[in-house]
Structure formats: structure tokens, C-alpha cells
Amino acid sequence: MHYGYNIFKKFINGKLDQIKGLEYAASVVYWDMTTGAGGRGVKARSSALGILSSKVQELMVSEAFLNDLKTLEDNQHDLSTIDAQIIKEARYKYDRISKIPAEEYRTYAELTSEATVVWERAKNTNDFKMFEPYLKKIVAFKRKFADYFGYEDHPYDAHIEDFERGMTVAVLDTFFAELRKTVVPLVKAIAECEQPADDFLYLNYNADGQRMLANELLQTIGFDLNAGELKESEHPFTMGLAIDDVRLTTHYYTDNLTSAMFSTIHEGGHGIYEQNFSSEIAGTLLADGASAGLHESQSRLYENNLGRSASFWKHFYPKLQSTYMKQLDRVSLDLFLKAINKSVPSFIRVEADELTYPLHIMVRYELEKALVEGSLEVEALPKAWNEKMEAYLGIVPPTDKLGVLQDVHWSDGLFGYFPSYALGTAYAAQIQKALSSALDVDKCLEKGDMGPIKAWLNENIHQYGLTKTAVEIIEEATGEPFNASYYTEYLKSKYTKLYNL
């Protein structure tokens, strides 16, 4: 008993805690870089990130790390269930990271940190050529890494594994094909319908008012601002450094009222997940979402299923209206609800309505597959992007800023992440069904009391972190295995009602 336990404590204190500390420091540098720090310090910060990332890899692939890991695996019977799970997760991470040569890992870390800054400049100046050489190098690494990691059927499977363990191209192709059957006919039918007025959403809304509302929205949904913060970045994101240090960003547009509101609610959903892992796993390798898809289920649930509902805005609309009385004084709640739920193909993914959103994901999914397998090269990406946007959404971006340059993910090297947005939205529909069976959700929303909703999610989803798989959590929380039909039925029901189809 004591032998295994003592080795485990040595392993945690001497190695895993060091790794967590280095990852924390790297995250702080990244946070600083993406929320205001600029100028000539880009190279220095990129170098620092490269050094910190390579030090993490150095520790994880060291002979001492592997020896302790093997000893603990041989003595798992001496460990608690949680400790044994930590060792299992350490093994998974070791097996992944040890396959990449150390020098390549550091070079790649420096590349992606610098590429993120270049991407932001390229987007703001609508200059894909500025970003192209960086993306070429990232794609080259991704092709090489797929070979290092290994795969059975498709090189893209190796990258999906980073975010949705066990998921494959074969499964995703079937999933997206089923979505396409539902979404495309609905989009075509709605194109023939009269659209509700929404011009009032695009008047002048000062950023100070939006900042105040964003913080009120976070408090309403249950994000603890004493254990986190909200700042601004070019592309909204969530960074969970620890359960009591969860950082969110949004982006304010003075000519678009809803962009920051819904991105804030979205990131708040991620943040609530990060703040509510069980105290047993806080600060360990298990304090992470069970999968990227399950993480996205929380952000999409809050943003759409709850955040675009009539019940939510019955409570919150008076606050919004009083903040912008001049713009919204004559806009009824009913008109506001129709405007925020209208469905019209648009260029920007994060501002897409619920119905057209999965088509944006399909565009990126198919392009990523092609880039990784080598059937598409980076210089041809803008043209391929526009062709798919026209094929799926019937629109062609007039600029790369509104097209291929809009997302930060590729500059960060997050190939394999995009499918999780669609999977997460499908998970959210199934979770919402179970949540509504357990609680009077509409009553909670109308009262502005989302505590019971958060408590249910804490108990059934959040607390587990990586102690259970996403597959297990979904089945236990909802009473059945993942079933994408809840998503397709949700979309059909919502949009046939909204447009009287």
C-alpha cells in the first residue's frame, strides 16, 4: 500500500506539478499576448512559449518520468480510483507527446504562437498572403504529426483524437451526412419566407454598455467572476488555468448588438464547466473536459438552447432595453426574439444562426481533412473555402477577412477541433431534453434563477472532468447513448414554428 502511494506522491510533487506549473505559465503568456500585449515583443513571447512548451515535453518524455509511470502502473492496486485514473491519463499524454521529436515540438510551439499574432494582423488587413507561409508550415507539421501518432484509415483521425477520443472520419462523415439531410432543405425552405426585421440590432451600441451587459450576463448564467475574468480579444475564447482562475474573452462591435452578448454567454458556458470540476480532481490532469465536444455542449447549451429562448429574455430583456433605451425603446420582446433567432446564411461562423451553423462546420471539416491528407494545398485554400461556402450556404465571402481568415484555430494548430462544435451542439440538444425532464427550465429562466440548472449540470456533467469519458457522461446524464436525432428534431421543431413552415 505505502510503496505505491509514496511513489505516486513523488510522481505528483516532482513531475506532474512541475508540468502543471509550466503549462500555467505558458497559458499566462498566451493570455497576455492575445488580450492586449503587442508591439515588438511578439518574438520574445513566442520564444518564451516555445521554451515553456519544450520544457513540458522534456519532463514528460524523460527516463525518470517513464520509470515512475511504469512503476505506478505495476502497482495500481495500491492507488485510489482517482489516482489510478491520473496515471492512466499521464500514460495517454506520454504516449502522444513522446512521439514528437523534442526540437520539432519546440519549433512547432514557437511557430503557432507567432502565427496567432500574424493571423490577427492578416485578418485585420484582409491579407491572406501574410498568413499563408505560417499556415503552410503548420499544415506540414500536422501531416508529419499524423504519421508520428499513427492512424488506421485517415490521417485526420490522428488529430481528431486530440479532442474527441475514439472519433473517426468515418463516423463524422455519417454524422454530417445526416445533418445535411435535415439542414439543407430547411435552409432552402426558409429562403422563400419573409424575414423578420432586425435592423435595430445593427445601430450604434457603445462598447461601455456592452461591457456592463456582458458582466451581467455572466453573473446571470452563473459564471463566478471572483474565480475568473472577462477581457477582450480578436477571437473570443476560454482559458481554464485552474478551477478558481478561468479566463474568458469576447469582442465588442459597436454596430452589432448581439455578437458580444452571445459570444459572452458561449464562453461563459465553457467557463462554468471549467469552474466546477470536483475538488477531488482540481489541479490534476483530470481537471479538464471529457472531450472538446462535451465542452462545446456546455457553451452551445447556454448560448442557444437557453440563451436564445423566450424565457431567458423575459427576464433579461428589460435590462438590455434600459441600457439602450434610444435604440430599443420601441422594439418589443417578441420582435427582439424573432430577430435573434432568424435564419439567414451569413459569412461569420460565430454569428451564424443555429440552423446554418453546422454548415459552417462542414466547410471547415472538409477543408481540414483535405489539407491533412494532402489533396488541398494552403495557397488554394481561399478559393476552396469560397466554393464550399457557395455550395453549402449559397453565399461567397467578398473578402478573406469574412472568409478563410475569420477563425483563430488554424494559427493555433487546432486541426481536428472544428467537428467538436457540431458534435457539441448535438450533445446539447440531448442534454437539454434530460434537463427539461428534471427541472422546470422555463420557470428558472423567467425568474433569472439559473442556479438549479447549473446545479443539475454540475452534478451530471461538470464534476467528472476526465474521470469518465464523454460517451459515459452523455449516457448516464440522459439515460441513453448519444443520439443525434435530438439535434435534428430540435432544429426542425424550432424553425418550422418560427417560419410557419
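Since we're looking at a predicted model, the values are computed, not measured.
- Heavy atoms only, all atoms of each residue included: H315 and P318 are closest at O-CD, 3.5 Å.
- Ring-plane geometry between H295 and H270 is classed as tilted, the angle between the planes lying from 30 to 60 degrees on a 0 to 90 degree scale.
- Between R300 and E303 there is a salt bridge, since a side-chain N of the basic residue sits under 4.0 Å from a carboxylate O of the acidic one.
- Under a cut-off of 6.0 angstrom, the local environment of NZ in K55 is sparse, with at most 12 non-hydrogen atoms contributed by other residues, nucleotides or ligands.
- Neither side chain, Q432 nor Y490, offers a donor N or O lying under 3.5 Å from an acceptor on the other.
- H409 and Y421 have perpendicular rings, their planes meeting at more than 60° on a 0 to 90° scale where under 30° would count as parallel.
- Under the 4.0 Å criterion applied to side-chain N and carboxylate O atoms, E366 and K369 are not assigned as salt-bridge partners.
- Looking at E132 and K129, a side-chain N of the basic residue comes within less than 4.0 Å of a carboxylate O on the acidic one, giving a salt bridge.
- Using a 30° and 60° split on the angle between ring planes, Y357 and H360 fall in the tilted class, from 30° to 60°.
- Note: W313 and Y317 have perpendicular aromatic rings, judged against thresholds of 30 and 60 degrees for the angle between ring planes.
- Side-chain atoms of D400 never come within 3.5 Å of backbone atoms of L405 as a donor-acceptor pair (strictly under, hydrogens ignored).
- Between E472 and R165, none of the side-chain N atoms (NZ, or NE/NH1/NH2) sits under 4.0 Å from a carboxylate O, so this pair counts as no salt bridge.
- The distance from atom OH of Y495 to atom CG of L355, rounded to the nearest 0.5 Å, is 5.5 Å.
- Distance check, rounded to the nearest 0.5 Å: OG of S322 to CG of L320 gives 8.0 Å.
- Formation of a donor-acceptor pair under 3.5 Å by the Q57 side chain with backbone atoms of I97 is found in this model.
- The pair R96-E161 does not meet the salt-bridge criterion, since no charged nitrogen lies less than 4.0 angstrom from a carboxylate oxygen.
- Checking side-chain atoms of E114 against main-chain N and O of L111 turns up no donor-acceptor pair under 3.5 Å.
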Side chain to side chain donor-acceptor pair (under 3.5 Å) evaluation trace for T478 with Q430: CA-CA 7 Å; T478 68; Q430 186 168 339; 2.9 Å; yes
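- A donor and an acceptor atom, one from each side chain of K142 and Y108, are located under 3.5 Å apart.
- Donor-acceptor pairing under 3.5 Å is recorded for the side chains of E164 and S291.
- Side-chain contact check for E296 and Y417: at least one donor-acceptor pair (N or O, by modelled atom type) lies under 3.5 Å.
- H462 and Q298 share a side-chain donor-acceptor pair at under 3.5 Å.
- Side-chain contact check for T238 and E267: at least one donor-acceptor pair (N or O, by modelled atom type) lies under 3.5 Å.
- Between L491 and E354, the shortest heavy-atom distance links the atoms CD2-O, 3.9 Å.
- Under a 4.0 Å N-O distance rule, the pair D208/R211 qualifies as a salt bridge.
- Of the possible donor and acceptor atoms, one in the side chain of W119 sits under 3.5 Å from a partner among the backbone N and O of D407.
- Without hydrogens or angle criteria, E110 side chain to R106 main chain gives no donor-acceptor distance under 3.5 Å.
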CA sep, side-chain torsions, deciding dist, call: D353, T356, side chain to side chain contact (heavy atoms under 4.5 Å, CB included): CA-CA 6 Å; D353 59 80; T356 59; 3.0 Å; yes
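- With sequence neighbours excluded, the residues satisfying side-chain contact (heavy atoms from CB on, under 4.5 Å) with T249 are W31, T35, S233, P236, F237.
- Counting only N and O atoms by type, the side chains of E368 and Y156 include a donor and acceptor under 3.5 Å apart.
- Side-chain atoms of D245 and Y24 form a donor-acceptor pair, as typed in the model, at a separation below 3.5 Å.
- Side-chain contact annotation: T112 with D412, donor-acceptor N/O pair under 3.5 Å absent.
- Under the 30°/60° scheme for interplanar angles, the aromatic rings of F128 and F131 are found to stand perpendicular.
- Listed by first and then second residue, the salt bridge (charged side-chain N to carboxylate O under 4.0 Å, His left out) pairs that reach into residues 425-436 come to none, sequence neighbours excluded.
- Relative ring orientation between F336 and F200 is described as tilted, the plane-to-plane angle lying within the 30° to 60° band.
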